[in-house]
Enquirer: 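First, the structure itself, so that you have it in front of you.
None of these values were measured; they are calculated from a predicted model.
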Amino acid sequence: MSGVVGYIGDKNPVEVLVAGLYRIKGHDSAGVAVVNDEGVTAVKSLGKLENLEAKLAAQPVTGHLGIGHARWATHGVPNETNAHPHFDALNEIAVVHNGIIENYQELRTSLQQEGVAFRSQTDSETLAHLIRKYYQGNLFKAVQQALRCAKGAWALGVVSRHNPDVLIVARQGSPVVVGVGDNEAFMGSDVSAIIKYTRDVVYLDHGQICEVRRDGIKVEDLDGNPVQHEVVHVDWDDSAAEKDGFPHFMLKEIHQQPEVIRNTLRGRISDDASDVNLSDINISEADIKACPRITIVACGTSWHAGMVGKYLIERFAEIPVELDLASEYRYRDPIVEKNAIVIPVSQSGETADTMEAVRLAKSQGARILAVVNTVGSSVARESNGVIYLQAGPEVSIASTKAYTTQVTAFALLTIWLARIRGTMTKDQAKDMIAELRTLPDKMQLVLNNQEPIKALAGKQKYRDAQSAFFLGRDYNYPSALEGSLKLKEVSYIHAEAYPAGELKHGPIALVTNEMPVICVAPKGNIYDKMVSNIQSIKARAGLVISIATEGDTAIQAYSDDVLYIPECYEPFSPILVALPLQLFAYYVAVNRGCDVDQPRNLAKSVIVE
Ligand code: AGP
């Protein structure tokens, strides 16, 4: 996600805005806009905040009202034109926005037909022109009216040269807080951006808009109904503030998953929820129909997500899919058929092995469709088409939200492919989309009830285990692989994952009553097979933790412990299963005193071989 900040008061806004932007993790460009007697002055820069500071040092800007933005691109590559703040045509209204305007193309086209000229490729600029359209002197009402036309998510800050006494803040989805001070006020996409100046904050809720003045604030909904708001005092220290109060970025990012999965889906489902529309994919229906085989290449967690993608695409789109580790693919002289499509999966978009696999595939004539999180990354730039995760920066080295949004992206891609290949009816697509849309709320249920997972991770027989097995089948064999990697990389407990059917071919020799075997066994087509695997482990005095579907009490008879997930459409169960696996690994690591966010020997992006 991007970050937004705002200020009104007697301090120099630039100092407050830049200090706030430094607290926002992960960005590719930044900018500020300050209201003063000359109008609204903006300074923007590409890259690090130091570049923005250097520009501001060379071009000092003063005033008493301003907004700032640290951009994590979702629409439009990182450059100064696409950097925020964005302006209306008269350069008198400036906006900073975090989120996705789902209907921005429709709004852009309509505004262009009214003669509006756009400068950037962003969805956010649309808001500046829309506010201008409705502006008749009252900025609060103009923003209120503009947002009634918009769909999607926003944490929004707006200023105008003709309204130097107000800062307008609005929220839908993306979080935003308003800080109140002594004859001054602040805005931030999270508390860490303003805690240096005030600890008294108002958390705006969905659909709310706030008129911020030095001496007070007014909050309404978009229909103009007044909304009660509460000023809360935040007593976090600085470090806790940048993690939104969570002890680690990993736990913060685990909790972001319901919202970021909504962001992955945002703007990609037709209004009647019966079809998937993927922009930026740049691969034609003819390409899809002519494609003899898809090859998915990735590393680590992204490879696990790719494996779920393989199962989904083969089952529903009936296209042969080969999955390979990028580090193997790039050296094994793969056969790349005519019209083949290669899908690199990468959170960072900078993993060396994945990048080289892309180059090899391109040299063999393949079309490249990337599934990545980082806009403008090397993998994205070298691909023909891209599906962006829209998950915001992932700071913790252990990947969590990138994994579940990658699987979500593959679910969208599968529906899109299957509809083109004629292997899925419109009704089937509608049903699958409906199932996808239930996931964020179901994930929230697991997050709201994580005490059993935390308690399990505190049990000595698990916390101090020397080794662990993770078993799964079909869609949830990749889940087992992902759970094993999570435990390994944050708690340093040796762990292996196997397809459950493989256990009897050797690994079962290792089963003892001291080695936890985590069995992923949600209700589904292969549930009975999983149960018989679990029973064979118990028959050898094994130690079993089962991950099962709520209501499945029978599985307790042959499990030492059971972690439950809500009932879920089996093909999408890896997204829900990921949560207990991530949280179990996290709490075991915390109990073992490990450096959860910076595990030894690991880097966030492996940009070397
Ligand atoms: C995931 O927890 C690991 N940190 C690692 O396996 C990671 O998934 C892998 O290095 C691939 O990174 P990428 O998605 O940025 O390409």
Side-chain angles (χ1 to χ4, degrees), residues 254 256-266 268-270 273-276 278 296 301-302 304-318 321 323 343 345 371 387 389-391 399-419 423-425 427-447 472-483 520-527 530 547-552 563-583:
I254 287 173
Q256 284 179 332
Q257 289 179 111
E259 185 55 29
V260 295
I261 282 182
R262 289 190 187 95
N263 288 342
T264 305
L265 297 174
R266 221 179 282 286
R268 292 168 165 163
I269 293 171
S270 61
S274 68
D275 239 336
V276 166
L278 296 173
I296 298 172
T301 285
S302 297
H304 302 153
M307 191 180 288
V308 181
K310 168 185 166 65
Y311 283 108
L312 288 169
I313 294 171
E314 289 196 331
R315 187 157 281 146
F316 291 102
E318 298 175 22
V321 179
L323 170 75
I343 302 180
V345 187
V371 174
I387 301 177
L389 302 181
Q390 302 175 156
S399 190
T400 52
K401 63 177 184 175
Y403 174 69
T404 50
T405 50
Q406 285 167 344
V407 176
T408 303
F410 272 111
L412 288 169
L413 178 61
T414 297
I415 296 167
W416 186 75
L417 292 171
R419 293 285 293 133
T423 57
M424 184 182 289
T425 65
D427 285 346
Q428 285 169 326
K430 198 175 180 81
D431 291 345
M432 283 187 84
I433 289 166
E435 290 291 350
L436 259 184
R437 298 173 94 170
T438 66
L439 292 175
D441 289 344
K442 289 179 177 178
M443 294 183 89
Q444 195 59 54
L445 291 175
V446 177
L447 292 170
R473 285 177 178 261
D474 202 281
Y475 296 110
N476 284 303
Y477 167 42
S479 299
L481 286 164
E482 177 59 11
V520 183
K523 287 291 187 187
N525 293 333
I526 44 83
Y527 172 77
M530 274 307 296
I547 296 181
T549 302
E550 265 159 19
D552 177 5
L563 295 176
Y564 284 104
I565 61 170
E567 184 279 328
C568 170
Y569 181 50
E570 187 185 10
F572 300 154
S573 58
I575 295 169
L576 270 188
V577 162
L579 275 175
L581 295 174
Q582 293 165 352
L583 289 166

Enquirer: R315: what forms a side chain to side chain donor-acceptor pair (under 3.5 Å) with it, not counting sequence neighbours?
Expert: D474, Y475
Enquirer: So does A391 get a backbone contact from the side chain of K401, meaning a donor-acceptor N/O pair under 3.5 Å?
Expert: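 Present.
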Enquirer: Let me confirm one number: the CD1-CG distance from I387 to L412, rounded to the nearest 0.5 Å.
Expert: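 It is 7.5 Å, given to the nearest 0.5 Å.
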Enquirer: So, taking the atom named OG1 in T414 and the one named CE in M432, what distance separates them when rounded to the nearest 0.5 Å?
Expert: 6.5 Å
Enquirer: Output the distance between atom OH (Y477) and atom CD1 (I526), rounded to the nearest 0.5 Å.
Expert: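 Here the interatomic distance stands at 14.0 Å.
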Enquirer: Do R437 and I269 have side-chain heavy atoms sitting under 4.5 Å apart?
Expert: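 In short, these two side chains touch, coming nearer than 4.5 Å.
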Enquirer: Write down the atom of P258, the atom of M443, and the distance for their closest heavy-atom approach.
Expert: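 Taking every non-hydrogen atom into account, CG-CB, 4.0 Å.
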Enquirer: T264: which residues meet the side chain to side chain donor-acceptor pair (under 3.5 Å) condition with it, sequence neighbours left out?
Expert: none
Enquirer: Quick one: list whatever passes side chain to side chain contact (heavy atoms under 4.5 Å, CB included) with A418, sequence neighbours left out.
Expert: A317, T423, M424
Enquirer: Closest heavy-atom contact between P440 and I261?
Expert: CG-CG2, 3.9 Å
Enquirer: Can you name the residues that form a salt bridge (Lys or Arg N to Asp or Glu O under 4.0 Å) with R268, not counting sequence neighbours?
Expert: none
Enquirer: In chain order, what residues pass the salt bridge (Lys or Arg N to Asp or Glu O under 4.0 Å) check against E318, with sequence neighbours excluded?
Expert: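 Salt bridge (Lys or Arg N to Asp or Glu O under 4.0 Å) list for E318, sorted by chain: empty.
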Enquirer: Which residues pass the side chain to side chain contact (heavy atoms under 4.5 Å, CB included) test with A434, sequence neighbours left out?
Expert: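 A434 satisfies side chain to side chain contact (heavy atoms under 4.5 Å, CB included) with no residue once adjacent residues are dropped.
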Enquirer: If the condition is side chain to side chain contact (heavy atoms under 4.5 Å, CB included), which residues does D275 pass it with, not counting sequence neighbours?
Expert: S270, R419, K426
Enquirer: Listed by chain and number, what are the side chain to side chain donor-acceptor pair (under 3.5 Å) partners of Q257, not counting sequence neighbours?
Expert: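 With sequence neighbours excluded, Q257 shows a side chain to side chain donor-acceptor pair (under 3.5 Å) to T404, Q582, given in chain and number order.
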Enquirer: Output a table of donor-acceptor pairs, distance under 3.5 Å, between side-chain atoms of residues 565-577 and any protein atom two or more places apart or on a different chain; print 'none' if there are none.
Expert:
residue, atom, partner, partner atom, Å
E570, OE1, N525, N, 3.0
E570, OE2, N525, N, 3.4
S573, OG, N476, ND2, 3.1
S573, OG, E570, O, 2.6

Enquirer: Locate the shortest heavy-atom distance separating I296 from K310; write the atom from each residue and the value.
Expert: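 That closest heavy-atom pairing would be CD1-N, 3.9 Å.
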Enquirer: Please tell me if the side chains of M307 and L481 come closer than 4.5 Å, counting only heavy atoms from C-beta onward.
Expert: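 Counting from C-beta outward, M307 and L481 do come under 4.5 Å.
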Enquirer: What pair of heavy atoms forms the shortest contact from W416 to V276, and how long is it?
Expert: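 So the two residues come closest at CD1-O, 3.5 Å.
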Enquirer: Could you tell me whether the side chain of T408 reaches within less than 4.5 Å of the side chain of Y403, counting heavy atoms only?
Expert: no
Enquirer: Any salt bridge linking R266 with E259? Criterion: basic side-chain nitrogen under 4.0 Å from a carboxylate oxygen.
Expert: yes
Enquirer: With rounding to the nearest 0.5 Å, note down the distance linking CG in L579 to NZ in K442.
Expert: 13.0 Å
Enquirer: Roughly how far, to the nearest 0.5 Å, is the CZ atom of R473 from the OG atom of S479?
Expert: 14.0 Å
Enquirer: Of all the heavy-atom pairs spanning A411 and L436, show the shortest one and how long it is.
Expert: CB-CD2, 3.9 Å
Enquirer: For Y564 and D552: C-alpha separation, side-chain torsions, deciding distance, then whether side chain to side chain donor-acceptor pair (under 3.5 Å) applies.
Expert: CA-CA 8 Å; Y564 284 104; D552 177 5; 5.8 Å; no
Enquirer: Sub-3.5 Å donor-acceptor pair from the side chain of T425 to the main-chain atoms of Q428, do we have one?
Expert: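 Indeed, once roles are kept as given, a pair shorter than 3.5 Å links the two residues.
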Enquirer: Just how far is it from atom CG of L413 to atom CZ of F316, taken to the nearest 0.5 Å?
Expert: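 One gets 13.5 Å once the value is rounded to the nearest 0.5 Å.
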Enquirer: Check the side chains of Q390 and T405 for a donor-acceptor pair under 3.5 angstrom, ignoring hydrogens and angles.
Expert: no
Enquirer: Salt bridge (Lys or Arg N to Asp or Glu O under 4.0 Å) with D431: which residues, sequence neighbours excluded?
Expert: none
Enquirer: Which residues pass the side chain to side chain donor-acceptor pair (under 3.5 Å) test with T438, sequence neighbours left out?
Expert: none
Enquirer: Identify the heavy atoms of S302 and Q406 that sit nearest to each other, and give their distance.
Expert: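 That would be OG-NE2, 3.0 Å.
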